[in-house]
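The structure under discussion appears below in the form of structure tokens.
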Protein chains: 2
Amino acid sequence: MDYEKELENFLDKDLQPITNGTKNKILHVAIDHFSQRGYRGVSIRQITRDVGIKESSLYKHFQNKDEILDTIFANFEVEVVKILPSSEQIEVVATSMDIRDFLERGLQNFVNHIENVSMRKIWRIIYNELFSDQRARTIYFETIINLTIERVGAIFEQMMRLGKLPRQDARMLSAEYHYPVFSLIMEYNFLKLEGKSTKDTEKRLQDHIDFFIKAVTN
Amino acid sequence: MDYEKELENFLDKDLQPITNGTKNKILHVAIDHFSQRGYRGVSIRQITRDVGIKESSLYKHFQNKDEILDTIFANFEVEVVKILPSSEQIEVVATSMDIRDFLERGLQNFVNHIENVSMRKIWRIIYNELFSDQRARTIYFETIINLTIERVGAIFEQMMRLGKLPRQDARMLSAEYHYPVFSLIMEYNFLKLEGKSTKDTEKRLQDHIDFFIKAVTN
DNA sequence: GTCTATATGTCGATAGAC
DNA sequence: GTCTATCGACATATAGAC
């Protein structure tokens, strides 16, 4: 179960697949270092040393240090959007699942996503750069938080129409569900960072689902 | 109402008041810079330039760069503990207030705290250094999150004994209340950083209190 | 696309005069 | 407790040979 996946090949910042092995390796090494010491705390020297090339060679693959981070963020955004329900799925999901199945399925999707070591590292980079990098802020607040709340809110709304949920402000309800989830995910990421057990956090996530369903359905 | 306070004088890392004007000014300038570009992103040169002294003079006040951050964190911890209900207050608070008054009073305490510009900047430093500084992690997760949940949980428990709340897991309830609050506070801090309006966030905080009270009392 | 060599700048910290 | 002057390390990035 603790089988940990890794992204093998990345996309470049224009979302074209990277076939060059060295370029892929640069990204792997950079992700590893950035996630541990932050973008500013990592030098081109350290990256190229671990890749096994000289500093000047790196500039054949990336124009500058910032383009490496750009590429990492582009890959992250592609992956993170995959775990959200798409607009086309609203109808079928709201019809075929009850509220508990839906929430637990969503959580499981996320757990699968975060079991990918590369993804978990990029999550840390995002947190790390929130205050110093506008791109990280945009991904976190607009893509992760707001888009998630909005998409799930649309499903809640459809469930209300189908009588599966009492009528109320669907977006607000989605926010109430997700804010604790985002906090706990952050906690989860930090515990993983320190190699500690995440069992408590996983239990709290489960408790939260229970609390939420109880609060929402009576 | 938008009168913004500032901490005038700091404590040194052993919590003794700092009377030296230059040393206080170094801390003010350092807080300002660290909060904008992170600890690593700020040089001693930049700090001393804005203080109006030479680099070598700074070392008469602090042994090294890290001791500046140490001092900032020590001051923050002192201030942040002040907004939590103390163990002695549990009894009287649980007796004299109902759940809504208590939550709104707590929120108001926090808003007062964060209206202090210095404090808000140090909040940003804490967020910024969460992944790279163990001290920041400890303050955030142990002092801010866990201690808050625990103290408020104790008050919830006492309210349950007094019949002001239905009996249930008090600590879990406190966590359910606080996780959205922490998320929204983080959002609030980022909006302030970008000079944007925090009205939506304040409304969501209010909505959350309403949702929580409704969920808890029926 | 890799290398050697180097340009140019910034960093934290110290020595020692006043 | 302020200053001038400086050290040694490390940063990003480029030129040009192969």
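Chain naming here is simple, since letters A, B, ... match the order of the sequence lines and numbering starts at 1 in each.
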Keeping to residues at least two apart or across chains, list the salt bridge (charged side-chain N to carboxylate O under 4.0 Å, His left out) pairs with something in [range].
range	result
residues 131-141 of chain B	E194(A)-R137(B), D66(B)-R135(B), D70(B)-R135(B), D133(B)-R135(B)
residues 80-90 of chain B	E79(B)-K82(B)
residues 21-33 of chain A	D32(A)-K121(A)

Which residues in residues 16-28 of chain A have a heavy atom closer than 4.0 Å to any atom of DNA chain C?
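Correct list: N20(A), T22(A).
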Contacts of type ring pair (Phe, Tyr, Trp, His ring centres under 6.0 Å), residue H208(A), not counting sequence neighbours:
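Counting only residues at least two positions away or on another chain, H208(A) forms a ring pair (Phe, Tyr, Trp, His ring centres under 6.0 Å) with Y177(A).
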Go through the structure and list residues passing ring pair (Phe, Tyr, Trp, His ring centres under 6.0 Å) with F110(B), not counting sequence neighbours.
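F110(B) satisfies ring pair (Phe, Tyr, Trp, His ring centres under 6.0 Å) with H113(B), W123(B) only.
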Give every residue pair that meets the ring pair (Phe, Tyr, Trp, His ring centres under 6.0 Å) criterion with at least one member in residues 31-58 of chain B, sequence neighbours excluded.
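As it turns out, the ring pair (Phe, Tyr, Trp, His ring centres under 6.0 Å) pairs with a partner in residues 31-58 of chain B, which skip direct neighbours, are F34(B)-Y39(B).
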Whole-Å gap separating P (dA5(D)) and NZ (K54(B))
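K54(B) atom NZ is separated from dA5(D) atom P by 10 Å.
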Produce a footprint string for nucleotides 11-18 of chain D: one letter per nucleotide, 5' end first; B if the base is under 4.0 Å from any protein heavy atom, S if only the sugar-phosphate is, - if neither.
BBBBB---
Is there any side chain to side chain donor-acceptor pair (under 3.5 Å) pair reaching into residues 8-20 of chain A, and which pairs are they, with sequence neighbours excluded?
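For residues 8-20 of chain A, and leaving out neighbouring residues, the side chain to side chain donor-acceptor pair (under 3.5 Å) pairs sorted by first residue read N9(A)-N24(A).
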Report yes if at least one side-chain N or O of S57(B) is closer than 4.0 Å to OP1 or OP2 of dC3(D); otherwise report no.
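Answer is yes, contact under 4.0 Å.
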Is there side-chain contact between I26(B) and F62(B), with heavy atoms separated by less than 4.5 Å?
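When only atoms from C-beta onward are counted, F62(B) and I26(B) do touch, with a gap below 4.5 Å.
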